[in-house]
Visitor: 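Starting off with a structure, shown below.
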Amino acid sequence: MRSFVINKNDSGQRLDKFVTKSVGGLPQSLMYKFIRTKKIKLNKKRAEPSVILNEGDLVEMYIKDAFFESPEADTEALFDITPKLDILYEDENIILLNKRPGVLVHEDEEGRDNTLLMHLKAYLVSKGEYDPSSEVSFAPALCNRIDRNTGGIVIGAKNAAALREMNAMIRDGKVSKYYLCAVHGIMPKKEDILKAYLKKDSRTNTVDISDRQKPGYREIVTGYRVLSEKRDRSLLEVRLYTGRTHQIRAHLSHIGHPLVGDGKYGQNRDDRRRGYKYQALYSYKVAFGNGGEGELGYLDGRSFSLPRDSVWFSADFFKPENDGARNNG
């Protein structure tokens, strides 16, 4: 038998969610059976799987030790990592990080662990804001993903309440994301909102764009405005109204303006000769609105952005013509 006293980070979630996170080797079918047969109890009594846990509650599990996973393999590594983070903003609940192109956000299928998330955890361990040994179901997390070869702002949550609220804000469209990108060609309009439909092909890790609704395709909405033009290229500020896989890259390519340096949705042979190692895309601004009265209400109406001229490819539009090699950050 093992027992858990619910702490602040464990509270506010359903009983079944807590058990799933804390007993990694327990199949869901057995978990619900054990809750129903009182092998998993809440405050000495039978409870419904959907009951919300409160700080100080006692969860007892009369199940075999074999169901419990060993502690995370990366726990000890957190104390050996020297955190390398570019911090844009930080408070007691969230942290905004500037991810560089080439950096992984999360561990991938090959098991690489030198990720932005690992460095965030190590940073919070070094500050005394995260103690893996005292947490059962929570670990600091990143609320949004950015492709490995794209740079930009990633939102991190330091506690469970902030994680739940930020995820809800993103899901409800209360976090606006703005990108800088360089595209081939001169845009037909200086400002526009584009609409189309997107379908993801998981096998090839690509997406297809259609101008009309088709089975399996989901609507996408992408806004842009032109900031600068130079020869046959344009610098755009893009706002995502929907957040689909590869949306900006595929949508702009679909209308005939692929991103500079993007070999997946364009031809980047000449771009690489110019020194573009990655696609010219950077998430440079986030804006918060209408968050409500929760833990993160103080973010209402606030926005955070990187200086435009700090984005590695934007300087090409504000300096004399130079096709030489460049620094990709």
Side-chain angles (χ1 to χ4, degrees), residues 4-14 17-18 20-22 52-57 71-100 103-107 113-146 151-172 174-177 283 285-306:
F4 303 90
V5 177
I6 300 302
N7 64 24
K8 184 176 181 179
N9 279 326
D10 292 330
S11 65
Q13 63 183 314
R14 291 164 52 122
K17 300 297 184 184
F18 171 79
T20 297
K21 294 174 185 176
S22 57
I52 301 299
L53 300 177
N54 296 308
E55 189 172 358
D57 281 346
E72 289 186 45
D74 64 9
T75 298
E76 291 185 8
L78 295 177
F79 294 90
D80 297 326
I81 294 175
T82 300
K84 297 178 181 178
L85 298 174
D86 184 355
I87 300 172
L88 175 63
Y89 171 80
E90 180 180 10
D91 61 33
E92 68 275 13
N93 294 311
I94 68 166
I95 184 168
L96 304 184
L97 303 173
N98 178 17
K99 185 193 88 70
R100 302 296 183 176
V103 174
L104 282 167
V105 174
H106 297 97
E107 183 176 328
D113 59 4
N114 186 26
T115 63
L116 188 70
L117 180 57
M118 283 288 285
H119 281 261
L120 171 60
K121 290 179 180 179
Y123 171 72
L124 296 177
V125 165
S126 71
K127 289 185 68 181
E129 293 187 36
Y130 171 50
D131 178 9
S133 65
S134 68
E135 298 290 348
V136 177
S137 66
F138 174 79
L142 300 173
C143 304
N144 61 308
R145 288 178 175 268
I146 293 181
I153 299 172
V154 177
I155 305 169
K158 294 184 176 184
N159 55 67
L163 178 60
R164 284 193 294 270
E165 189 169 345
M166 183 59 70
N167 283 341
M169 289 170 64
I170 292 173
R171 184 176 63 250
D172 296 340
K174 296 175 181 177
V175 180
S176 299
K177 302 171 188 175
S283 175
K285 178 180 177 181
V286 294
F288 301 98
N290 302 316
E293 300 296 326
E295 294 283 339
L296 303 181
Y298 59 89
L299 293 173
D300 282 9
R302 300 187 66 182
S303 65
F304 302 87
S305 61
L306 301 165

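Keep in mind it's a predicted model, so treat the numbers as computed, not measured.
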Visitor: Mind listing the closest non-hydrogen atom pair of L120 and I95 along with its distance?
Guide: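 Minimum heavy-atom contact is CD1-CG2, 3.7 Å.
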Visitor: Quick one: side chain to side chain contact (heavy atoms under 4.5 Å, CB included) partners of K127, sequence neighbours excluded?
Guide: E90, Y123, E129, K158
Visitor: Give a yes or no answer on whether the side chain of N159 reaches the backbone of A162 with a donor-acceptor pair at less than 3.5 Å.
Guide: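 Yes: the side chain of N159 pairs with the backbone of A162.
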Visitor: Who passes side-chain hydrogen bond (donor to acceptor under 3.5 Å, both in side chains) against R145, sequence neighbours left out?
Guide: H106
Visitor: Check side-chain hydrogen bond (donor to acceptor under 3.5 Å, both in side chains) between S126 and all other residues, then give those that pass, not counting sequence neighbours.
Guide: none
Visitor: Just to verify, what does Q13 make a side-chain hydrogen bond (donor to acceptor under 3.5 Å, both in side chains) with, not counting sequence neighbours?
Guide: K21, S137
Visitor: Do L97 and D86 have side-chain heavy atoms sitting under 4.5 Å apart?
Guide: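 Of all side-chain heavy-atom pairs linking D86 with L97, none is under 4.5 Å.
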Visitor: Among all residues two or more places apart in sequence or in another chain, which pass the side-chain hydrogen bond (donor to acceptor under 3.5 Å, both in side chains) test with D172?
Guide: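 For D172 there are no side-chain hydrogen bond (donor to acceptor under 3.5 Å, both in side chains) partners, ignoring immediate neighbours.
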Visitor: To the closest 0.5 Å, what do you measure between CG (L88) and CG (N98)?
Guide: 7.5 Å
Visitor: Search all heavy atoms of N54 against all heavy atoms of S11 and return the closest pair with its distance.
Guide: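 So the minimum-distance heavy-atom pair works out to C-CB, 3.9 Å.
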Visitor: Please list, chain by chain and in numerical order, all residues satisfying side chain to side chain contact (heavy atoms under 4.5 Å, CB included) with N7, sequence neighbours excluded.
Guide: N9, D10, E135
Visitor: Report the C-alpha separation of M166 and V175 in whole Å, then their side-chain angles, then the decisive distance to 0.1 Å, and conclude whether the side-chain contact (heavy atoms from CB on, under 4.5 Å) test is met.
Guide: CA-CA 9 Å; M166 183 59 70; V175 180; 4.1 Å; yes
Visitor: Using the test ring-ring contact (aromatic ring centres under 6.0 Å, His included), find all partners of F18 that sit at least two apart in sequence or belong to another chain.
Guide: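 Scan of F18 (ring-ring contact (aromatic ring centres under 6.0 Å, His included), adjacent residues dropped) gives F4.
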Visitor: With sequence neighbours excluded, what pairs up with R14 under the side chain to side chain contact (heavy atoms under 4.5 Å, CB included) test?
Guide: D16, K17, S50, I52
Visitor: On a heavy-atom basis, which atom in V125 and which in P132 lie closest, and how many Å separate them?
Guide: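 Closest approach of V125 to P132, heavy atoms only: CG2-CD, 4.1 Å.
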Visitor: Kindly compute the distance separating NZ (K174) from CG (L296), expressed to the nearest 0.5 Å.
Guide: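 Between atom NZ of K174 and atom CG of L296 there are 11.5 Å.
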Visitor: Check side chain to side chain contact (heavy atoms under 4.5 Å, CB included) between D91 and all other residues, then give those that pass, not counting sequence neighbours.
Guide: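 For D91, the residues satisfying side chain to side chain contact (heavy atoms under 4.5 Å, CB included) (neighbours in sequence not counted) are Y89, N93, I94, Y298.
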Visitor: Rounded at 0.5 Å granularity, tell me how far OG1 in T115 sits from NE2 in H119.
Guide: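 Rounded to the nearest 0.5 Å, the OG1-NE2 separation comes to 7.0 Å.
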Visitor: Of all heavy-atom pairs between F304 and I153, which one has the smallest distance, and what is that distance?
Guide: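 Taking F304 first and I153 second, the nearest heavy atoms are O-CD1, 3.8 Å.
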Visitor: Could you tell me whether a side-chain N or O of E295 sits under 3.5 Å from a main-chain N or O of A161, the two making a donor and an acceptor?
Guide: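 No, because the side chain of E295 does not come within donor-acceptor range (under 3.5 Å) of the backbone of A161.
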Visitor: Got L85 and L116 here, is their nearest side-chain heavy-atom distance under 4.5 Å?
Guide: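 In short, these two side chains touch, coming nearer than 4.5 Å.
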Visitor: Specify the closest pair of heavy atoms between L163 and C143, including all atoms of both residues, with the distance to one decimal.
Guide: CD1-SG, 3.8 Å
Visitor: Ignoring hydrogens, what is the shortest heavy-atom contact between E165 and G297? Give both atom names and the distance.
Guide: OE2-N, 4.0 Å
